[in-house]
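We're numbering straight along the sequence, starting at 1.
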Amino acid sequence: MAKLLAALAAALVVVLASCCCGVRGDESTKVRESLVNFLTALAGDDDGAQTTAVGLGWNASIDPCTRGNTSSAWGGTVTCFGSDSGNDGLIKRIDLDARGLGGTIDAARLCAAPAVRVVNLLGNRLRGGIPAGISACSGLTHLIVSGNQLSGSLPPSLAQLKSLHVIEVARNNLSGELPGDLSKLKLERFVANDNHFTGTIPDFDLTGFSAFNVSNNNLTGPIPKNATRFGNASFWPNAAGMCGEPFFDPCPPPSPSASSPTASFNAPASRSSSDDEDDDGEGKGRHKKRTVPKMVMYLGYVLLGAAVLAFVLYKICSRKRRSKLGRKSKPGGGGRGVYDSSRLTTTTTTTTAAVSPSKSAYSLPTSTEQSAATAAPSASLMVLRRSGTASITSTAAAAAAKELRFEDLLKSPAELLGRGRFGSSYKVVVPGGAALAVKRVKDEAVSEEAFRRRMERVGRAKHPAVLPPLAFYCAMQEKLVVYEFQSNGSLAKLLHGSIESSQGPVDWPARLHIAAKVADGMAFMHTALRGDGASSNTSSSGEEAAGDGPIAHGNLKATNVLFTAGMDPCISEYGVTAPPGRPASGGGDAALRADVRAFGVLLLELLTGKATSARGDGSELARWVTSVIREEWTAEVFDRALLAGGGGDGSSEQRMVRLLQVAMRCVEASPGSGPPPTMREVASMVNAIREDDATGPSPWKRSMSDD
């Protein structure tokens with residue numbers, strides 16, 4: 001009897017265990033309904049969405065998986081766990097690649113099946129973004145959504161998926177910064193190329209990666225560790241500022257943290273208080289040993305204070321002595337001599353860094369060249385007096401420039417705007433409140449006299465699309481050029497996501513408008529400044545600037561195309577860094593051809609939405625466009641924002657192709673195609689495309705002024 005009861009108990013345990021396993025292994029009705037609704041949302045959540053689900057075999061009334069079988073009753077889009085897994089009878093993988101799905105990702109419905117490991121939605125037309133709720137899919141190992149139309153940013157909650165090994169989000173419209181915590185995951189594949197990501201790349205260690213690609217974004221900063229194994233194509237093109245060998249320039253070293261003198265002074269004080277608490281013999285011994293070093297330290301402080309006091313008294317006395325000598329040397333007692341302002345400037349530039357309270361800590365930095373140069377009368381700012389109404393310069397900025405002195409620039413608060421190959425740019429707020437932009441140039445190849453003639457010629461050539469210089473300064477190897485500050489930023493910032501236009505997205509009509517305006521401005525300047533007596537502009541003395549040769553821009557790029565208050569594009573820094581060239585040597589013509597090529601690169605940036613390398617000349621972007629065109633994938637060249645905003649009749653796409661052809665003619669002349677076009681010819685071609693464009697003005701450019 002006992003044996004019979006034991007057998008019945010064992011059988012009951014087996015039955016209960018099998019029942020429990022059955023409940024644990026089969027997908028519940030609620031999970032099946034959620035997954036069918038997930039597919040319906042992917043299909044578009046319209047009348048045909050349910051038909052799509054039925055057509056793929058997804059049916060909430062049918063259990064998708066049976067224990068011990070990896071094939072699914074829902075068809076080939078679903079794979080189940082096998083019997084060797086603890087999730088036997090549950091869905092393991094969902095493959096919905098290239099199914100023509102045009103809806104959105106519903107993470108809540110997907111994550112109702114937490115056992116799902118792989119979600120593959122490659123090559124559809126999915127819109128919206130990747131929802132933050134995807135973190136509820138705790139078992140997810142593969143997230144593949146490349147080749148869709150997803151937008152928004154990667155949710156930081158992805159980093160909560162500790163089992164995630166593969167993230168593929170390439171060829172979408174995703175933007176924002178890559179979550180830094182992704183580097184904490186044990187990823188094997190991270191593919192995010194052809195998006196609009198900004199910021200820096202997370203601190204991945206690519207040692208164990210089988211695939212990695214972040215090219216064709218707007219990323220900056222250092223590349224990850226062990227990046228060499230994936231090649232340059234996995235990182236370029238991206239925004240200016242990408243660094244790290246061997247593909248880019250070395251990254252600047254991190255600034256060392258300043259040591260705190262307060263901490264070093266406080267340490268002896270804390271030890272002193274502890275010494276006072278020592279009452280035993282050993283404590284008194286330590287106290288005596290520490291007293292001598294402290295006395296030496298305090299004596300050092302006293303001597304240091306005495307030295308500082310003596311130095312201050314010496315400076316005060318020497319300043320009074322120089323002041324008396326200066327008053328004695330003035331003829332006529334109180335009249336101001338020719339060299340008076342220069343003497344004042346010298347005093348300012350050589351002493352304000354140490355003792356002047358009037359100079360801001362954020363003022364324009366000085367140099368030894370400036371201090372030496374200001375002792376001569378030629379070191380003052382040269383104000384370019386302008387007439388007519390063609391200038392876009394505001395009255396306030398022009399008036400401020402006329403009253404401006406070199407020492408005013410040095411004393412005024414200055415904000416560093418950026419550094420480039422040829423120098424640095426600053427925003428300077430001068431007395432009176434006017435904001436000016438100051439370009440500080442290091443140029444050893446051009447003499448003071450040649451630079452002065454160049455700036456005067458550039459100042460006489462007036463065009464609405466060219467930002468005119470207000471004043472300039474020459475001293476040995478250093479030059480300063482003063483402009484009106486443009487608060488709406490540059491084309492580089494507008495294109496690559498650093499600023500948002502208040503007029504809306506930069507669509508095709510707006511980009512074509514920018515291209516035409518810049519082309520007109522460059523063509524005018526090339527014609528007006530071709531030199532050798534051909535210029536129609538004359539100097540103030542009536543003599544033509546013959547023999548000076550043509551003046552090119554020398555550094556045309558997206559960061560030097562600024563926007564006025566009315567969002568009109570204007571070319572900045574024309575001629576500031578132009579290479580010296582004479583018609584006899586051919587150097588001037590070569591410089592003009594370099595401008596044409598630079599304009600072609602600018603057109604490629606407008607069309608592709610991709611940034612060029614900070615230190616490059618756009619060759620990498622041109623090579624990439626050429627390779628895509630060679631493979632007959634021309635449509636892949638254009639910025640997705642352009643294609644999304646184009647007209648439905650395809651006319652805009654045709655004009656984009658025409659502008660692309662103009663850009664390629666500028667960038668590289670094909671064999672047998674003749675010489676490269678001049679800037680005037682390029683402007684004619686761009687304006688012909690603009691005149692044929694039938695899309696009309698976009699809301700973004702309604703505030704822009706036409707010719």
Considering only heavy atoms from C-beta outward, does the side chain of [X] approach that of [Y] to under 4.5 Å?
X: Glu620; Y: Thr612; result: no
X: Gln661; Y: Arg665; result: no
X: Val458; Y: Met525; result: yes
X: Met656; Y: Val637; result: no
X: Phe204; Y: Leu178; result: no
X: Phe451; Y: Val481; result: yes
X: Arg623; Y: Ser627; result: no
X: Ser175; Y: Thr198; result: no

Test side chain to side chain contact (heavy atoms under 4.5 Å, CB included) applied to Phe485 and Leu436, step by step: CA-CA 5 Å; Phe485 177 73; Leu436 302 176; 5.6 Å; no
Polar side-chain atom of [X] near backbone of [Y] as donor-acceptor pair, under 3.5 Å:
X: Asp205; Y: Thr207; value: yes
X: Tyr574; Y: Met522; value: no
X: Asn488; Y: Thr564; value: yes
X: Asp97; Y: Asn120; value: no
X: Asn555; Y: Glu573; value: no
X: His553; Y: Ser572; value: yes

Evaluation steps, side chain to side chain contact (heavy atoms under 4.5 Å, CB included), between Leu185 and Leu161: CA-CA 8 Å; Leu185 299 177; Leu161 297 173; 5.6 Å; no
Derivation of the side chain to side chain contact (heavy atoms under 4.5 Å, CB included) call for Asp568 and His513: CA-CA 9 Å; Asp568 269 312; His513 171 87; 3.7 Å; yes
State the [atom1]-[atom2] distance between [X] and [Y], to the nearest 0.5 angstrom.
X: Ile223; Y: Thr200; atom1: CD1; atom2: OG1; value: 13.0 Å
X: Leu140; Y: Leu158; atom1: CG; atom2: CG; value: 9.0 Å
X: Leu187; Y: Leu164; atom1: CG; atom2: CG; value: 6.0 Å
X: Leu562; Y: Met567; atom1: CG; atom2: CE; value: 11.0 Å
X: Phe472; Y: Arg454; atom1: CZ; atom2: CZ; value: 11.0 Å
X: Leu659; Y: Trp508; atom1: CG; atom2: CH2; value: 4.5 Å

So, [X] versus [Y]: side-chain donor-acceptor pair below 3.5 Å or not?
X: Asn172; Y: Asn148; value: no
X: Arg229; Y: Ser234; value: no
X: Ser183; Y: Asp203; value: no

What is the minimum heavy-atom distance between [X] and [Y], and which atoms define it?
X: His526; Y: Asp595; result: NE2-OD2, 2.9 Å
X: His165; Y: Lys186; result: ND1-O, 3.1 Å
X: Pro569; Y: Val561; result: CB-CG1, 4.1 Å
X: Ser210; Y: Arg189; result: OG-CG, 3.2 Å
X: Arg640; Y: Asn173; result: CD-OD1, 2.9 Å
X: Leu606; Y: Arg511; result: O-NH1, 2.7 Å

Trace of the side chain to side chain contact (heavy atoms under 4.5 Å, CB included) decision for Phe230 with Asn213: CA-CA 8 Å; Phe230 293 107; Asn213 196 330; over 6 Å; no
Matching residue for Asn216 among Asp194, Asn193, Thr608, Asn238 - test: side chain to side chain donor-acceptor pair (under 3.5 Å): Asp194
Partner residues of Ala132 under the side-chain contact (heavy atoms from CB on, under 4.5 Å) criterion, sequence neighbours left out: Pro155, Ser157
Ring geometry between Phe212 and Phe235 (parallel below 30°, tilted from 30 to 60°, perpendicular above 60°): tilted
Under-4.0 Å salt bridge between Lys610 and Asp639: no
